[in-house]
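The structure under discussion appears below in the form of structure tokens.
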Protein chains: 2
Amino acid sequence: MKTNERPTYSQIAIHAGVSEATVSRVLNGDLKVHPERASRVHAAVEALGYKKNRAATALASGRTGLIAVVIDDDLSVFADPFWATVSSGISRVLLENELQTLLMVASVDKADGPVAHYLEGGEVDGAIFFQLHKHALVRRLSKQGLPVVIAGSPNSNSELIFADTDNFGGAAQATRHLLSLGCQNVATITGDVEASAGLQRLNGYQQAHREVGKIASKALILQGDYTFESGMRLTAQVLETNPEIDGIFAANDLMALGAIRAIEESGRSVPQDVKVVGFDDSVMATNSKPSLTTIRQDIVGLGAAVAELMIASLNGEIVTPRILKTELVIRESA
Amino acid sequence: MKTNERPTYSQIAIHAGVSEATVSRVLNGDLKVHPERASRVHAAVEALGYKKNRAATALASGRTGLIAVVIDDDLSVFADPFWATVSSGISRVLLENELQTLLMVASVDKADGPVAHYLEGGEVDGAIFFQLHKHALVRRLSKQGLPVVIAGSPNSNSELIFADTDNFGGAAQATRHLLSLGCQNVATITGDVEASAGLQRLNGYQQAHREVGKIASKALILQGDYTFESGMRLTAQVLETNPEIDGIFAANDLMALGAIRAIEESGRSVPQDVKVVGFDDSVMATNSKPSLTTIRQDIVGLGAAVAELMIASLNGEIVTPRILKTELVIRESA
DNA sequence: GGTTTCAGTGAAAGCGGTTTCTCGGATACC
DNA sequence: GGTATCCGAGAAACCGCTTTCACTGAAACC
């Protein structure tokens, strides 16, 4: 195939006048090598344009330099740029640390599929999972000693390491904003409350109410599914049954836009009659009419945080979950 | 780290009563092994739950089983789910073929960065690039014998292998639709015409005009940049200068939505006064008001096609570019 | 029937690193 | 000054699989 005459340790060793063992030590940061010899090695590496062979390193050391990013294809990878953005953040940071990102898009449900097989086969040094519900696989891998980091929160209080946006805080922020604008009856359209993100956003909404001595009425909590359609439908319904509503916090932008549509179709206007806040600060938020007040999360930052946790884990450091702050972006809708 | 007592060839060989060389032959599909011995090997593999060690295979054979997917981070990976979707299509197909997807998000411009280094280092069996303009790197790698496939079209008539949506055909389809609805003055808002996709969509628009004996006036060709804002701004301008316009083909949905906004703000209505067709069939297309008539492209299919081309290349087959058909989705806007 | 092919197989030499083990010399200790 | 320690460095084994090479017995040929 390629007759690339890539130099090997033996060439470096000869060039530097040391043994291969010493070359290895120097290149792996072993401090017990005499500085002068070390610098000779470095010079040789430079001169010959040497680059380590991953396969050989992996075989000899057992470390592959590969981190799997596992995406369940149930996930709406296809509709939502969210995960892609997180991935890019991850990839970038890993790359800076000489690690490669192995992207695995597959059904992870069956804890015995090819993905599981692969991960358990020792082909990667660690695995990053995207917000998943209750996969036994993750636990199992973790128990087996494979460093695992979750992007998003695992919903049980497991010992898994994760990084996540402050869904709770962000939702509270959004709701507080509505309340502070004078809204008396603030409804919420939740996301999937089976998953942690959805639940946390709901909790944040309730928390903001508690802070001002209110209790969010059950009737004002509408279970959506992150789609435009659900936002629109639920809002239309609740406007019928609870016409006193003057504020809505939707767990994502798409549902918020759906809500706005329903509000307008009911003859009311946003933000005069009903104020609306979304979550995500997606592209649509800027361009919608009225533009959407929403909660911005640092998605690339989330990816970076996840990668950093992984790296720390690999280094054997004791790591704790990371929660990323959100930001309220005020536009026209509230 | 892991004391996984994974079986090796030697165990299989003993269990099956053959040599390691024979085990290797069987596992690599060498037909010259006696069927009976072969089945003994397979039985042993089954019994011991054997799984090949990638690193060892890579070291010995020079094939890593890894395909790089290189994404220039200039690209709007962050805003547009398009590339994520393509990636998932790629990853899925590669996985089915025992290949892994290495995701590299980095600046590729400098043909000498870490990415280039990595790809030239023989660490991957092939590389997939996302729609790029004129990178010398791609050519170089290709010349070096590394199988390279482009997702999207390279704009020069190079010998690079690629798969792409039929941008030309789709744009023609869209424009024809407008013309067939009786539009007399159809404008287009282009994407980046420096890149092939943008140019091809413009060409398709012109082709449709030619088919009916018209020539698209220069004044009606507006150079956008795929953003909502550009669609809106350019439309507002052209409505001033060319009020006779009664149809607009935008090179993507976002700009189409921008156009609709501008049209409505000018006091006209869609589709009565001006009809609008977009391109992509994104989520927004369904949910906008009026909903958007647009050109749907099979994005996952594009990913799959790219992966298939890569696999064929790896097998030494002679491959030719693949162009994927588009589909006109008629909704309210035209 | 004897010599050539040839297909099938095993022994063994790598692939390019890492790591253990050993050893010589220098330092420390009594 | 002699022995016990220690440290830095090299030799060599090893990681698990692929592939060349040589060899065997059988089929093919004259």
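Protein chains get the first letters and strands the later ones, always in sequence-line order, with residue 1 at the start of each. Since the model is a prediction, treat every value here as computed from it, not as a measurement.
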Within the 4.5 Å heavy-atom criterion, are [X] and [Y] side-chain neighbours or not?
X         : Y         : answer
Glu120(A) : Lys51(B)  : no
Ile71(B)  : Ser88(A)  : no
Tyr118(B) : Leu102(B) : yes

Nearest heavy-atom pair of [X] and [Y]: which atoms, and what distance?
X         : Y         : answer
Thr64(A)  : Arg54(A)  : O-NH1, 3.9 Å
Ala116(B) : Arg140(B) : CB-NH2, 4.2 Å
Leu59(A)  : Ala55(B)  : N-CB, 3.7 Å

Can you tell me if Ser19(A) and Thr22(A) form a side-chain donor-acceptor pair at under 3.5 Å? yes

Separation of [X] atom [atom1] from [N] atom [atom2], in whole Å?
X        : N       : atom1 : atom2 : result
Gln11(B) : dC15(D) : CD    : P     : 11 Å
Asp30(A) : dG8(D)  : CG    : C1'   : 10 Å
Leu59(A) : dG16(C) : CG    : C1'   : 9 Å
Leu31(B) : dT9(C)  : CG    : P     : 12 Å
Ile12(A) : dT18(C) : CD1   : P     : 12 Å

I would like to know whether Glu96(B) and Arg92(B) meet salt bridge (charged side-chain N to carboxylate O under 4.0 Å, His left out); could you show each step before the answer?
CA-CA 6 Å; Glu96(B) 286 164 5; Arg92(B) 180 118 31 108; 5.8 Å; no

Rounded to 10°, the angle between the first-five-pair and last-five-pair axes of the helix from dG1(C)-dC30(D) to dC30(C)-dG1(D) is 40°

Within residues 33-57 of chain B, those residues having any heavy atom closer than 4.0 Å to DNA chain D are Tyr50(B), Lys52(B), Asn53(B), Ala56(B), Thr57(B)

Margin query: Please determine whether a side-chain nitrogen of the Lys or Arg among Arg63(B) and Glu98(B) lies less than 4.0 Å from a carboxylate oxygen of the Asp or Glu.
Written below: no

message = Salt bridge or not between Arg322(A) and Glu308(A)? Use side-chain N to carboxylate O under 4.0 Å.
response = yes

Heavy-atom nearest nucleotide on DNA chain C taken for Val23(A) and for Lys32(B); more 5' hit belongs to Lys32(B)

OP1 or OP2 of dG16(D) under 4.0 Å from side-chain N/O of Thr8(B) = no

Protein-nucleotides 19-27 of chain C N/O pairs closer than 3.5 Å?
| from | atom 1 | to | atom 2 | distance (Å) |
| --- | --- | --- | --- | --- |
| dT20(C) | O4 | Arg25(A) | NH2 | 3.2 |

Tell me whether Glu317(A) at atom CD has more than 12 heavy atoms from other residues, nucleotides or ligands lying less than 6.0 Å away. yes

